[in-house]
Protein chains: 2
Amino acid sequence: MRSALATDSDLLNAIEDRGYRITSTRRVIAGAIEESPDGFTAEQICGRVPGVGRATVYRAIKLFHEVEVICKMALPDGAPRYAVDTGGRHHHHTICTGCGAVQDFRASTIERVLKAIEADVDGQITGHRMEIYVTCQTCLASAD
Amino acid sequence: MRSALATDSDLLNAIEDRGYRITSTRRVIAGAIEESPDGFTAEQICGRVPGVGRATVYRAIKLFHEVEVICKMALPDGAPRYAVDTGGRHHHHTICTGCGAVQDFRASTIERVLKAIEADVDGQITGHRMEIYVTCQTCLASAD
DNA sequence: GTTGCTGCAAATCCTTTGCAAGGTT
DNA sequence: AACCTTGCAAAGGATTTGCAGCAAC
């Protein structure tokens, strides 16, 4: 029965809904991800799931990203960082360059601007990427 | 005399102004970059400067980026792409996901929005990244 | 003549892939 | 039973680094 397999994990539910299997390994990885409210890197997850192969972690992250339950973003140097995509509606993120903490960020103004921009652009807009880099309160405080 | 050494290359002038040396190798690399109106990747430049070591090309690109005469951006998959930063004032780019062509893009609205956002953000904004992905006219046409 | 730059090759980092074994439906 | 997943190790690609020789100032 499917309901018996359902978990309280949005991540696992999402992949199950798309026909991927729920395995014990994926449960562990999903758990590690969901314990990362401030975002995470692949390497951080690897460190939190001893015994699970690095490749499996990367495959799982790619899977979660594919089914759109985690967002992928980039630090200023281009290094990838991920965050659980709670909610669902399109949004952007602020990333602390000190500690990497990610916060959601929804500004309807930006969406409106992007729509307006479409007219000025030579070609057809297919997507966009936007990240706001910050020094978070915690890092600001500890720098004093 | 400095004026005798000055070139018509903005790239070379920029590094010279910061105390870096102008060498024949850097002239060649700068030339290859300036022949790339649509942006370029490190690998593309390597291909256009036979005889110059890959490491030197990467070092030069990093240097030009450091003195802010080229911009670094990212394709949807995170792969880096560069473009000459003519002008100077802050701007963004559209990148064609088909051919990689980069175009400048200056929307004062965006800057205004970003400034407004500052109030809503938890922390201090230190920077941002924004790329608009498009299918350019050329690619649209050839897809027909 | 200093000091910085270059090329080569090796090293590194991050991520992906091949494959045989084991798990899930 | 059939097919998906996993772990390991190896491959892969992109960028960096050490170092000795060469070039610019």
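Both backbone and side-chain heavy atoms feed into the values below; hydrogens, waters and symmetry mates do not. As the structure is a prediction and not an experimental result, all values here were calculated from the model.
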Once you apply a heavy-atom cut-off of 4.0 Å, does A/G78 come out as touching a base, just sugar-phosphate, or nothing?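 No contact.
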Between the base of D/dT5 and the side chain of A/R21, is there a donor and acceptor pair under 3.5 angstrom?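 In this structure, the two groups form no donor-acceptor pair.
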Distance criterion of 3.5 Å, no angle test: do you see the side chain of A/R59 paired donor-to-acceptor with the base of D/dG7?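 Side chain to base: pair present.
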In this structure, how many angstroms lie between the [atom2] atom of [N] and the [atom1] atom of [X], rounded?
| X | N | atom1 | atom2 | result |
| --- | --- | --- | --- | --- |
| B/Y82 | D/dA14 | OH | P | 12 Å |
| B/E16 | C/dC5 | CD | P | 12 Å |
| B/I61 | D/dT16 | CD1 | P | 10 Å |
| A/E66 | C/dT16 | CD | P | 12 Å |
| A/R26 | D/dT6 | CZ | C1' | 9 Å |
| A/D77 | D/dA14 | CG | P | 18 Å |
| B/I45 | D/dA14 | CD1 | P | 15 Å |
| B/L75 | D/dA14 | CG | C1' | 14 Å |

Are any of B/K62's side-chain N or O atoms less than 4.0 Å away from OP1 or OP2 of D/dT15? no
With a 4.0 Å cutoff (strictly under), does any side-chain N or O of B/Y58 reach OP1 or OP2 of D/dT16?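 Negative; the distance criterion is not met.
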Pick the nucleotide of DNA chain D nearest each of B/Y20 and B/R54; which residue has the one closer to the 5' end? B/R54
Would you say the side chain of B/C99 lies within less than 4.5 Å of the side chain of B/D38, judging by non-hydrogen atoms? no
Could you check whether any side-chain heavy atom of A/V52 comes within less than 4.5 Å of a side-chain heavy atom of A/V57, counting everything from C-beta outward? yes
Contacts table for residues 114-121 of chain B: side-chain donor-acceptor under 3.5 angstrom, sequence neighbours left out:
none

Quick check on the helix from C/dG1-D/dC25 to C/dT25-D/dA1: what's the angle between its two end axes, five base pairs per end, to the nearest 10°? 40°
Side-chain donor-acceptor pair under 3.5 Å between B/Q103 and B/H92, yes or no?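 No - no donor-acceptor pair under 3.5 Å links their side chains.
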Establish, from distance only, whether the side-chain atoms of B/E66 and B/Y20 form a donor-acceptor pair under 3.5 Å.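 B/Y20 and B/E66 do have a side-chain donor-acceptor pair below 3.5 Å.
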Closest to the A/T23 side chain: D/dT6, D/dC25, D/dT15?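 For A/T23, the side-chain atoms sit closest to D/dT6.
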Rounded to the nearest 0.5 Å, how far does CG of B/L12 lie from CD of B/E34? 6.5 Å
For A/A55 and B/T25, take the nucleotide of DNA chain C holding the closest heavy atom to each; which residue's nucleotide lies nearer the 5' end?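 The residue mapped nearer the 5' terminus is B/T25.
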Parallel, tilted or perpendicular: rings of A/H128 and A/H90 (30°, 60°):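 The arrangement is perpendicular - the two ring planes meet at more than 60°.
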